[in-house]
There are 2 protein chains.
Amino acid sequence: MPDPSPPTSANYHHGNLREALIKAAVQLAEEGGPENVSVREAAKRVGVSPGAPFRHFASKTALMTAIAEEATSRFLAEIASAVREVAVDDPMGRFAAVGVAYLRWAIRNPTHFQIISNRSLIDWDGSASLQRDNAAIRALMEEALTEAQRRGLLASNDLAEAQIAGRALVYGLARMHIDGHFAQWRVDGETAERTAQNVLKHFTTLMGNR
Amino acid sequence: MPDPSPPTSANYHHGNLREALIKAAVQLAEEGGPENVSVREAAKRVGVSPGAPFRHFASKTALMTAIAEEATSRFLAEIASAVREVAVDDPMGRFAAVGVAYLRWAIRNPTHFQIISNRSLIDWDGSASLQRDNAAIRALMEEALTEAQRRGLLASNDLAEAQIAGRALVYGLARMHIDGHFAQWRVDGETAERTAQNVLKHFTTLMGNR
DNA sequence: GTCATGTGTAAGCACCGATTACATGGAAAT
DNA sequence: ATTTCCATGTAATCGGTGCTTACACATGAC
């Protein structure tokens, strides 16, 4: 009996192992959370030996970082797009748009949000794109609030405090959602997004001078 | 040369291995985060074989859950104590006190807060004390806001929304601190606690009817 | 056609959580 | 006082993990 599947020219070289590994790792995270991702299992699913992934990623952290880079890029794009749809002379509207878009993306992409929120799986300091995109997201929020204060549209007179508060609200709501805290109230997935956004909008108006 | 340290009667039975393991595990978490905890390493530090811990904890999760139970109990006690120091006819004051005490504990006990905030290391559903204590903490906050609304002291007319908002603010601030987000602003440990509490107090007054 | 390079395999390291069979020693029962 | 029993330890082992090293091969440049 001949070898049923020798490493012939057809499959010895995968062709796009890097992308395939990223896809497999994301799938593993979707099945059992980011902690469930294992390089070996991803390699197995792609049909490659356990050592192969390390030709493309120096470490498991590097693999997860690559996933985070892709995700953060899309995250930023969606937030920036939402901001662009608000009138330039409405900073509080831009601020609210950032928050709503942030939450919307986090809720609709829970796996990726969990990955980019997990400090221990990712090498933040080692990725220029991660730092740049995250800074850009922060800048979008900060610009809106700074401009709002300049125009006297902000209730608080402490800009830093308002920025931290806004960030905490959005981040807290997003984390409550992915950590399952909403189940402690009666909120059921479907309404979670609407509820969180209502809370956010209510507070952005509360932060504004009306 | 005789056996230098045989398992004689003096040390064959540890005496209080359970507590010793908990202490060692907490120390490991303090050194490198909750992910750094390993049952084997804790056993080694206590001077016991790798299998011994499993006589006292059915799994690593059970060990971490035991740590979380102790921590949550102290967490609740401190919050309850802070609430008791506020006048009974000042529900918004109680609400603020819960938030401040919550944040204060989280900031001063970052290791334990990280452990009790990590859903994947702990068996939440399997611990009655964890569920009870967490429910008690939630109840303290909810009671305050509910009473505030009953007395017409709440700006929002949606109680559930206000509760989620309050929770999100406190939780978001706490997580931002342990996740190192405050470093992105100029906040430096010392002032982090004061800043977070200022933000919280500012918003509790914003939430109130004045 | 030859060869260098990139990309895979195979084997193996140290560590991990967890299980099993066995050893031990203290306390309770007689 | 002796025996018995059981909680609590050890030793060995299993499958899984991240990661490294030595080697094989397929492919593109020359």
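The shown structure was predicted, so the numbers you read here are calculated from the model rather than taken from an experiment.
Residues B:Ser120 and B:Asn118 bring a donor and an acceptor atom of their side chains to less than 3.5 Å of each other.
Atom-to-atom, CZ of B:Phe54 to P of C:dG17 comes out at 7 Å; the value is rounded to the nearest Å. The separation between A:Glu41 atom CD and D:dT17 atom P is 6 Å, rounded to whole Å. The interatomic distance linking A:Asn16 (CG) with C:dG6 (C1') rounds to 14 Å, in whole Å. The separation between B:Leu28 atom CG and C:dG17 atom P is 10 Å, rounded to whole Å. In this structure, B:His56 places its NE2 atom 8 Å from C1' of D:dG9, rounding to the nearest Å. In this structure, the NZ atom of B:Lys60 is 18 Å from the C1' atom of C:dT19, given to the nearest Å. Protein atom NZ of A:Lys44 is 12 Å distant from nucleotide atom C1' of D:dT17, rounded to whole Å. Spacing between atom CG of A:Leu63 and atom P of D:dC19 amounts to 10 Å, rounded to whole angstrom units.
Between B:Phe203 and A:Phe203, the distance separating the two ring centers is shorter than 6.0 angstrom. Checked against the 6.0 Å centroid criterion, the rings of B:Phe75 and B:Tyr102 qualify as a close aromatic pair.
Heavy-atom distances to DNA chain D give each of B:Arg55 and A:Arg40 a nearest nucleotide, and the one nearer the 5′ end belongs to B:Arg55. Map A:Pro50 and B:Val39 each onto its nearest nucleotide of DNA chain C; the residue landing nearer the 5' end is A:Pro50.
Among B:Thr65, B:Val39, B:Ile22, the single residue meeting the side-chain contact (heavy atoms from CB on, under 4.5 Å) criterion with B:Phe57 is B:Ile22.
Here B:Ser38 lies in heavy-atom contact (under 4.0 Å) with sugar-phosphate atoms only.
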